[in-house]
There are 2 protein chains.
Amino acid sequence: MFTHSEENYLKAIYHLSQQQEGGVSTNSIADKMETKASSVTDMIKKLAEKQLVDYVKYQGVTLTKKGEKVAIKIVRKHRLWEVFLVEKLNFTWDEVHDVAEQLEHIKSEKLTAELDAFLEYPTEDPHGDPIPDKDGLIKKSKRVTLSEIEVDERCFCVGVHDSSSDFLQYLDNHNIRLGKKMKVISKEAFDGTMVVRLKKKELPLSSRITNNLYVKKI
Amino acid sequence: MFTHSEENYLKAIYHLSQQQEGGVSTNSIADKMETKASSVTDMIKKLAEKQLVDYVKYQGVTLTKKGEKVAIKIVRKHRLWEVFLVEKLNFTWDEVHDVAEQLEHIKSEKLTAELDAFLEYPTEDPHGDPIPDKDGLIKKSKRVTLSEIEVDERCFCVGVHDSSSDFLQYLDNHNIRLGKKMKVISKEAFDGTMVVRLKKKELPLSSRITNNLYVKKI
DNA sequence: CTTTATTTTTAGATTAATCTAAAAAACAAA
DNA sequence: TTTGTTTTTTAGATTAATCTAAAAATAAAG
Ligand SMILES: [Mn+2]
Ligand SMILES: [Mn+2]
Ligand SMILES: [Mn+2]
Ligand SMILES: [Mn+2]
């Protein structure tokens, strides 16, 4: 149905739309995909031809309903495969992304459906991101970043915003994983640095960290 | 490392080398891959550049050691995925091939190794074909085609030569699957048609069938 | 409301994988 | 061994995805 590349663009546009309001700019797509703006313009035209995006020159793009459906299917497959890799094949949460980037393009309705069943219909991937169901519905949780938690409040880790290998390994090294409970001990007004208590150990976390860690209050 | 297309060519050349002696012809590759001879020539040149095949104009190609190693890795992944689909995801043996054709190109040493372990190191795929181990070693069984079995001898099904969906469904419809025991009742000298007994039912099988079904004598 | 800076698009090339049609080589037969 | 057939290779085009460099449009300052 769609090429590898088309699917990657649709997914990138989808993710960017989630963060910003309104249309997605050519440059932001180029940045995310590590490609050049001119390549993006070319692809956008192709996607517009196929009615997957709405595009007005110089005005950015938005996904059409059809384009969004395709994007969500890719995201669904990506996250299901990530669960598979962690749950069944002993991958750690920092190892799954690159492989899932490949697996998300495998085309087989049956494969996706059976994988979903095999994993017992998971609702979140190893990074705490929601997995769209077979109809594309996404249950979004009311998570906040750790930086938004006040001093003396308690919370637990439910996901990460940045799922780069470096960041995930940093978290592993400090024993922070999904479900981990913590209490905010102090918060520096100047640069947002926080001290949190995990079990007994106190740990200082820069805003670089606290802005990328999703938690829920207890 | 290698493109999708390069991998497909290497695999095709590998399979053709198994059947025939000596080099593989341009046309036979074109047939197998459902492409044109001129495309094959182009790709062969590329593979020769990369030292994956030995190629002399007009003389056909053979895989180099390096090329064979790559091909066997693809075959290994293809067959491991087929086992996964049948054993874990409720696919039937006639449904797995197309999906495995896609999955075989996923690049991750860890994925292959862990999948192998997860499946408990299978030695055969759902069609009875041997699965190369992590070092590329292939345990080849001394199977023969049903057509080679004599009247009154007993045997059991260990694989298929043709794994097209049509053929596999034909077998399913007549309750022939891996491990199925049968006895040769009669054999027509003229066209090779056989009658075999399965459990109690007798079944006539044309040479089209008996040449594509692998068995072992009991 | 100009001028400048940034963003986006176009123009023109490149690489990979394919094709058709024509030429060249190899094989087979008379 | 000449001639005809088949196979294989080359020549030239096409499509997809990318790039660089230049032009055009928009946005931001002054
Ligand atoms: Mn991911
Ligand atoms: Mn994820
Ligand atoms: Mn197969
Ligand atoms: Mn098989």
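Below, read A as the first sequence line, B as the second, and so on, with proteins coming before strands; counting in each chain starts at 1.
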With a cut-off of less than 4.0 Å, is there a side-chain N or O of [X] near OP1 or OP2 of [N]?
X	N	result
A:Lys45	C:dT9	no
A:Tyr55	C:dT9	yes
B:Asn27	D:dT8	yes
B:Lys57	D:dT10	yes

Using a 4.0 Å heavy-atom cut-off to protein, can you give one letter per nucleotide of nucleotides 12-25 of chain D, 5' to 3': B if the base is in contact, S if only the sugar-phosphate is, - if neither? ----SSBBB---BS

Residues [X], [Y]: salt bridge by 4.0 Å N-O rule:
X	Y	value
A:Glu101	B:Lys107	no
A:Glu6	A:Lys50	yes
A:Lys134	A:Asp116	no

Non-neighbouring partners of A:Asp135 that pass side-chain hydrogen bond (donor to acceptor under 3.5 Å, both in side chains), sequence neighbours left out: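 With neighbours one apart ignored, the set is empty.
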
A:Asn8-A:His105 side chain donor-acceptor pair, cut-off 3.5 Å: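 The criterion, which ignores hydrogens and geometry beyond distance, is satisfied for A:His105 and A:Asn8.
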
For a quick check under 3.5 Å, do B:Thr64 and B:Glu68 share a side-chain donor-acceptor pair by atom type?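 Judged by distance alone, the side chains do not pair up.
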
Give the rounded distance in Å between these two atoms: CD1 of A:Ile29 and P of C:dT8.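 For the pair A:Ile29 CD1 and C:dT8 P, the rounded distance is 9 Å.
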
